[in-house]
Amino acid sequence: MTRSVVVLIRSDPETSHRAVEGVRIALGLASGEHAVEVILTGRAPLLLTPDTDTLVDGEMAEKFLSTLQEFIPPFYIDQESAKEVDLSESDYKTVPLSKKEIAEKIAAAQRFALF
(Lines give C-alpha, C1' and ligand atoms only; values in the text may rest on other atoms or scores of the structure.)
Protein backbone atom coordinates (compact mmCIF):
# COMPACT_ATOMS: atom_id res chain seq x y z
CA MET A 1 0.00 0.00 0.00
CA THR A 2 1.43 3.35 -1.05
CA ARG A 3 1.35 6.00 1.67
CA SER A 4 2.29 9.63 1.39
CA VAL A 5 4.95 10.55 3.91
CA VAL A 6 6.45 13.94 4.70
CA VAL A 7 9.89 13.93 6.34
CA LEU A 8 10.60 17.31 7.93
CA ILE A 9 14.25 17.85 8.82
CA ARG A 10 14.99 20.85 11.02
CA SER A 11 18.08 19.68 12.92
CA ASP A 12 21.33 21.51 12.30
CA PRO A 13 23.57 19.07 10.39
CA GLU A 14 26.68 20.84 11.71
CA THR A 15 25.85 19.94 15.32
CA SER A 16 23.58 16.90 15.22
CA HIS A 17 23.47 13.51 13.52
CA ARG A 18 19.64 13.76 13.40
CA ALA A 19 19.62 15.61 10.06
CA VAL A 20 21.48 12.80 8.26
CA GLU A 21 19.36 10.25 10.13
CA GLY A 22 16.28 11.95 8.66
CA VAL A 23 17.75 11.61 5.18
CA ARG A 24 18.51 7.94 5.82
CA ILE A 25 14.95 7.26 6.98
CA ALA A 26 13.51 9.18 3.98
CA LEU A 27 15.63 7.04 1.66
CA GLY A 28 14.41 3.85 3.31
CA LEU A 29 10.78 4.91 2.97
CA ALA A 30 11.15 6.19 -0.60
CA SER A 31 12.90 3.05 -1.81
CA GLY A 32 9.85 1.05 -0.69
CA GLU A 33 6.26 1.70 -1.69
CA HIS A 34 5.89 5.14 -0.09
CA ALA A 35 5.58 8.52 -1.80
CA VAL A 36 8.02 10.65 0.19
CA GLU A 37 8.49 14.40 0.28
CA VAL A 38 11.43 15.89 2.17
CA ILE A 39 11.19 19.40 3.63
CA LEU A 40 14.28 21.12 5.03
CA THR A 41 13.99 24.03 7.47
CA GLY A 42 16.34 25.97 9.73
CA ARG A 43 19.96 25.05 8.93
CA ALA A 44 19.03 21.66 7.47
CA PRO A 45 19.40 22.91 3.84
CA LEU A 46 23.17 22.80 4.54
CA LEU A 47 22.78 19.10 3.70
CA LEU A 48 22.38 20.07 0.05
CA THR A 49 25.51 22.21 -0.22
CA PRO A 50 28.58 20.75 -1.97
CA ASP A 51 30.80 21.17 1.11
CA THR A 52 29.76 18.48 3.58
CA ASP A 53 33.09 18.37 5.45
CA THR A 54 31.69 20.39 8.36
CA LEU A 55 28.57 18.26 8.74
CA VAL A 56 28.12 15.49 11.29
CA ASP A 57 28.15 12.28 9.21
CA GLY A 58 28.78 14.37 6.06
CA GLU A 59 30.09 11.41 4.04
CA MET A 60 26.94 9.44 4.79
CA ALA A 61 24.80 12.44 3.83
CA GLU A 62 26.35 12.58 0.37
CA LYS A 63 25.78 8.88 -0.18
CA PHE A 64 22.16 8.90 1.02
CA LEU A 65 21.20 12.15 -0.75
CA SER A 66 22.56 11.10 -4.13
CA THR A 67 20.41 7.97 -3.99
CA LEU A 68 17.38 9.69 -2.43
CA GLN A 69 17.13 12.24 -5.23
CA GLU A 70 16.35 9.37 -7.61
CA PHE A 71 13.17 8.54 -5.65
CA ILE A 72 11.69 11.87 -4.67
CA PRO A 73 10.54 15.04 -6.35
CA PRO A 74 12.61 18.09 -5.49
CA PHE A 75 13.70 18.82 -1.96
CA TYR A 76 11.41 21.42 -0.44
CA ILE A 77 13.11 24.26 1.42
CA ASP A 78 11.54 26.69 3.84
CA GLN A 79 11.67 30.11 2.14
CA GLU A 80 13.23 31.73 5.20
CA SER A 81 15.93 29.04 5.39
CA ALA A 82 16.64 29.38 1.67
CA LYS A 83 17.66 32.99 2.27
CA GLU A 84 20.28 31.95 4.83
CA VAL A 85 21.92 28.99 3.05
CA ASP A 86 23.61 29.42 -0.33
CA LEU A 87 22.39 26.59 -2.57
CA SER A 88 23.60 28.16 -5.82
CA GLU A 89 26.22 25.40 -6.28
CA SER A 90 23.99 22.56 -5.12
CA ASP A 91 23.44 19.60 -7.43
CA TYR A 92 20.00 18.97 -5.96
CA LYS A 93 16.70 20.29 -7.29
CA THR A 94 14.98 22.46 -4.68
CA VAL A 95 11.68 24.28 -4.40
CA PRO A 96 11.11 27.00 -1.77
CA LEU A 97 7.90 26.81 0.25
CA SER A 98 6.18 29.26 2.57
CA LYS A 99 5.34 28.16 6.11
CA LYS A 100 1.68 27.90 5.03
CA GLU A 101 2.60 25.60 2.12
CA ILE A 102 4.70 23.44 4.47
CA ALA A 103 1.76 23.15 6.85
CA GLU A 104 -0.52 22.16 3.95
CA LYS A 105 1.90 19.41 2.81
CA ILE A 106 2.11 18.03 6.35
CA ALA A 107 -1.69 18.12 6.74
CA ALA A 108 -2.20 16.35 3.41
CA ALA A 109 0.30 13.55 4.14
CA GLN A 110 -0.80 10.24 5.62
CA ARG A 111 2.35 10.02 7.75
CA PHE A 112 4.79 12.58 9.10
CA ALA A 113 8.29 12.24 10.56
CA LEU A 114 10.30 14.98 12.25
CA PHE A 115 14.08 15.03 12.65
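Position 1 is the first residue of the sequence, and the numbers go up from there.
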Heavy-atom closest pair (Val7 atom, Gly22 atom, distance to 0.1 Å) is CG1-O, 3.8 Å
Correct closest heavy-atom pair for Ala35 and Thr2 would be N-CG2, 4.0 Å
| task | Consider only side-chain heavy atoms of I, L, V, M, F, W and Y, link residues closer than 4.5 Å, and tell whether Val56 and Leu40 are in one cluster. | result | no
One should read off an interatomic distance between Ser31 OG and Ile72 CD1, to the nearest 0.5 angstrom, of 12.0 Å
Same apolar cluster: Leu8 and Val38, side chain cutoff 4.5 Å:
no
So, do Thr94 and Pro74 sit near enough that their side-chain heavy atoms are less than 4.5 Å apart? no
Closest non-hydrogen contact found for Asp86 with Ser88 is OD1-OG, 2.7 Å
Rounded to the nearest 0.5 Å, the CD1 atom of Ile102 sits from the CD atom of Glu80 at a distance of 9.5 Å
Rounded to the nearest 0.5 angstrom, the OG1-CZ distance for Thr67 and Arg24 is 13.5 Å
So CG of Leu47 and OG1 of Thr52: to nearest 0.5 Å the spacing works out to 9.5 Å
Check whether Thr49 reaches the backbone of Leu46 with its side chain - one donor and one acceptor, N or O, closer than 3.5 Å. yes
Tightest non-hydrogen contact, residues Leu65 and Val23, listed as CD2-CG1, 3.7 Å
Counting only heavy atoms not in Glu59 (residues, nucleotides, ligands), do more than 12 fall under 6.0 Å from its CD? no
Any cation-pi pair here, Lys105 with Tyr76, using under 6.0 Å and within 45°? yes
Of all heavy-atom pairs linking Ser11 and Ala19, the shortest is O-CB, 3.7 Å
Can Val6 and Ile39 be said to form a side chain to side chain contact (heavy atoms under 4.5 Å, CB included), step by step?
CA-CA 7 Å; Val6 168; Ile39 302 172; 3.7 Å; yes
In Asp91, Ile77, Val85, the residue satisfying side-chain contact (heavy atoms from CB on, under 4.5 Å) with Leu48 is Ile77
For a side chain to side chain contact (heavy atoms under 4.5 Å, CB included) check, start with the C-alpha distance between Ile9 and Thr41, then their side-chain angles and the critical distance, and finish with the verdict. CA-CA 6 Å; Ile9 302 173; Thr41 68; over 6 Å; no
Here the gap from Ser4 atom OG to His34 atom NE2, rounded to the nearest 0.5 Å, amounts to 10.5 Å
- Query: When you look at Val5 and Gln110, which way does the side chain to side chain contact (heavy atoms under 4.5 Å, CB included) test go after all the steps?
  - Reply: CA-CA 6 Å; Val5 180; Gln110 294 174 306; over 6 Å; no
Interatomic distance, CD@Gln79 vs CG@Leu97, rounded to 0.5 Å, equals 7.0 Å
- Task: Say whether Thr54 and Glu14, considering side chains only, have a donor N or O and an acceptor N or O under 3.5 Å apart.
- Result: yes
inquiry  = When you compare the side chain of Phe75 with that of Glu37, does any pair of heavy atoms fall below 4.5 Å?
reply    = no
For Ser66 and Gln69 the tightest heavy-atom approach is O-CG, 3.3 Å
Same cluster for Val36 and Ile25 if Ile/Leu/Val/Met/Phe/Trp/Tyr side chains link at under 4.5 Å? yes
